[in-house]
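Bear in mind that the values here come from a model prediction, so they are computed numbers and not experimental data. As a basis for the values below, the full set of heavy atoms in this structure was taken, side chains included, without hydrogen atoms, waters or symmetry mates.
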Amino acid sequence: MATTLYVSPTDPSAAFSSIAAALDHLSKTDKKIPATIHLDAGIYHEKLNIQIPYVTLEGLSADETIITYDDYAYEIMPDGIKRGTFFSYTLFIDAPHVTLKNLTVENASGPSVTCGQAIALYADGDQFTCYNCRLLGKQDTLFVGPLPEKEYEPGGFRGPKEHSPRINTRQYYKDCYICGDVDFIFGSGTAFFENCVIHSLLRDPSADIQGYVTAASTPPGQEIGFIFSNCTLTGDCPQDSVFLGRPWRDYAKTVFLNCTYGEHIHPLGFDDWNKVHAHDTVFFAEYHCSAIGQSDLDRSLPDRQQKRADFVRQLTPEEAAHYDKIMHLIRSACDPSIFR
């Protein structure tokens, strides 16, 4: 029988006043029994780890239920070492079959130019789902685990999964709002974003390039990295100042299908991160994408997209149909109830 818990920071009749207390209670129960933690409206200033499978965190709405913390990569720890990217998270998912619904996860640290990377959601559990949520941050807002096999610099992966096996995860994000500036959706896992708003924040008013939406690190041999379907890309940034993505690792895979872009997206589409050798190994592609406001009756490739970098592919209808099948498989794997 499923377990249901209630958390409220203000209602004394609720069983728990913090999310951490509810999770601690669940850790002492049968971890095979699904559990839903209902979160009342409020601001939960908590740094959280979910290491229990079959857990759902469900808020009243993304505007009313807010989980927030403010750790960041450049912060100096008591041992004199910077905190680093992967200890900066607000919410860390380290279990399969975890779901977030109707809430906000925020990293509220300062500007990325002074704070560096600051993860809001670190998701490293298979069959993870996220519905009607806001993921708010600046640099490195959402990490789609696992980590790449090796870091570029010693200590670069200092964090909770530094020495763990690298096991691919499947993740599904629907009707979410995700914002940030540099590489704010990044990682090695397989992730499908459907009907989401992806918003680029102004990072440095004096800079020609404001940021990068994605930084995939898809490992060699893995068919799918990130797929964005029917998403809207908006931004506070000047025209032509944001790239759709760049390769954190050489086999990065990122595909945009039936998406609409604001004028902030650079005509080249993707940046190679000065990795000319990766032109032959990355898979960056688009299909049936258009500018915001363009008529659905005229979805031909806009003039700006004719300038795409030569390593960016425009998919054929047959190739796009293949991705429709893949998206169906990801949806059904992450949330089988959709197809019952």
Side-chain angles (χ1 to χ4, degrees), residues 19 23 37 39 44 46-59 62 67-69 71 73 84-107 117-148 157 159-162 164-180 183-194 196 198 213-219 222 224-228 231 248 252-254 330-331 333-335:
I19 305 169
L23 290 170
I37 302 176
L39 305 178
Y44 297 82
E46 302 187 56
K47 186 179 181 77
L48 299 169
N49 299 336
I50 298 181
Q51 297 177 298
I52 308 163
Y54 304 104
V55 169
T56 296
L57 289 188
E58 184 169 3
I67 304 169
T68 183
Y69 215 74
D71 283 345
T85 302
F86 300 100
F87 274 133
S88 70
Y89 62 84
T90 295
L91 174 58
F92 173 41
I93 308 294
D94 188 25
H97 302 284
V98 172
T99 295
L100 304 182
K101 291 183 178 179
N102 307 327
L103 53 80
T104 288
V105 181
E106 175 188 42
N107 189 308
Q117 300 88 340
I119 296 172
L121 175 61
Y122 184 147
D124 198 4
D126 191 30
Q127 294 173 277
F128 170 74
T129 52
C130 188
Y131 300 108
N132 301 307
C133 290
R134 296 188 307 167
L135 307 180
L136 309 183
K138 297 179 180 68
Q139 184 169 354
D140 290 9
T141 303
L142 169 62
F143 177 59
V144 178
L147 291 162
F157 289 166
K161 301 295 289 282
E162 179 178 7
S164 299
R166 309 305 198 238
I167 300 171
N168 186 41
T169 65
R170 294 163 292 176
Q171 305 185 18
Y172 177 45
Y173 299 79
K174 182 171 173 36
D175 299 327
C176 293
Y177 173 91
I178 307 170
C179 73
D183 305 334
F184 63 95
I185 301 173
F186 74 117
S188 302
T190 292
F192 172 28
F193 301 85
E194 185 172 27
C196 294
I198 313 296
V213 175
T214 66
S217 52
T218 319
Q222 182 174 300
I224 303 298
F226 301 157
I227 302 174
F228 296 82
C231 293
W248 188 23
K253 293 181 172 68
T254 304
I330 295 172
R331 281 196 208 97
C334 292
D335 189 354

Colleague: Under 4.5 Å between any side-chain heavy atoms of L147 and R166, yes or no?
Modeller: yes
Colleague: Is it the case that the side chain of Q127 and the backbone of H97 share a donor-acceptor pair, with hydrogens and angles ignored and the cut-off at 3.5 Å?
Modeller: no
Colleague: Got a sec, which pairs hit side chain to side chain donor-acceptor pair (under 3.5 Å) with one end in residues 138-147, sequence neighbours left out?
Modeller: none
Colleague: Decide, yes or no, whether a salt bridge links E106 with R134 under the criterion of side-chain N to carboxylate O below 4.0 Å.
Modeller: no
Colleague: Under 4.5 Å between any side-chain heavy atoms of I37 and T56, yes or no?
Modeller: no
Colleague: Return the set of residues passing side chain to side chain contact (heavy atoms under 4.5 Å, CB included) with I52 (not counting sequence neighbours), or none when no residue passes.
Modeller: L26, S27, K31, V55
Colleague: Is Q222 close to N168 at the side-chain level, that is, under 4.5 Å between some pair of heavy atoms?
Modeller: yes
Colleague: Using side-chain heavy atoms (C-beta onward) and a distance below 4.5 Å, is F92 in contact with L121?
Modeller: no
Colleague: Who passes side chain to side chain contact (heavy atoms under 4.5 Å, CB included) against P148, sequence neighbours left out?
Modeller: F157, S188, S217, W248, R249
Colleague: Any side-chain heavy atom of Q171 sitting closer than 4.5 Å to one from F192?
Modeller: no
Colleague: Would you say F87 has more than 12 foreign heavy atoms packed within less than 6.0 Å of its CZ?
Modeller: yes
Colleague: If the condition is salt bridge (charged side-chain N to carboxylate O under 4.0 Å, His left out), which residues does K174 pass it with, not counting sequence neighbours?
Modeller: none
Colleague: Side chains of F128 and Y173, heavy atoms from C-beta outward: is any pair under 4.5 Å?
Modeller: yes
Colleague: S88: which residues meet the side chain to side chain contact (heavy atoms under 4.5 Å, CB included) condition with it, sequence neighbours left out?
Modeller: R83, I119
Colleague: Tell me whether the rings of F226 and F228 are parallel (<30°), tilted (30 to 60°) or perpendicular (>60°).
Modeller: perpendicular
Colleague: For Y44, enumerate each residue passing the side chain to side chain donor-acceptor pair (under 3.5 Å) test, keeping only those at least two apart in sequence or located in another chain.
Modeller: none
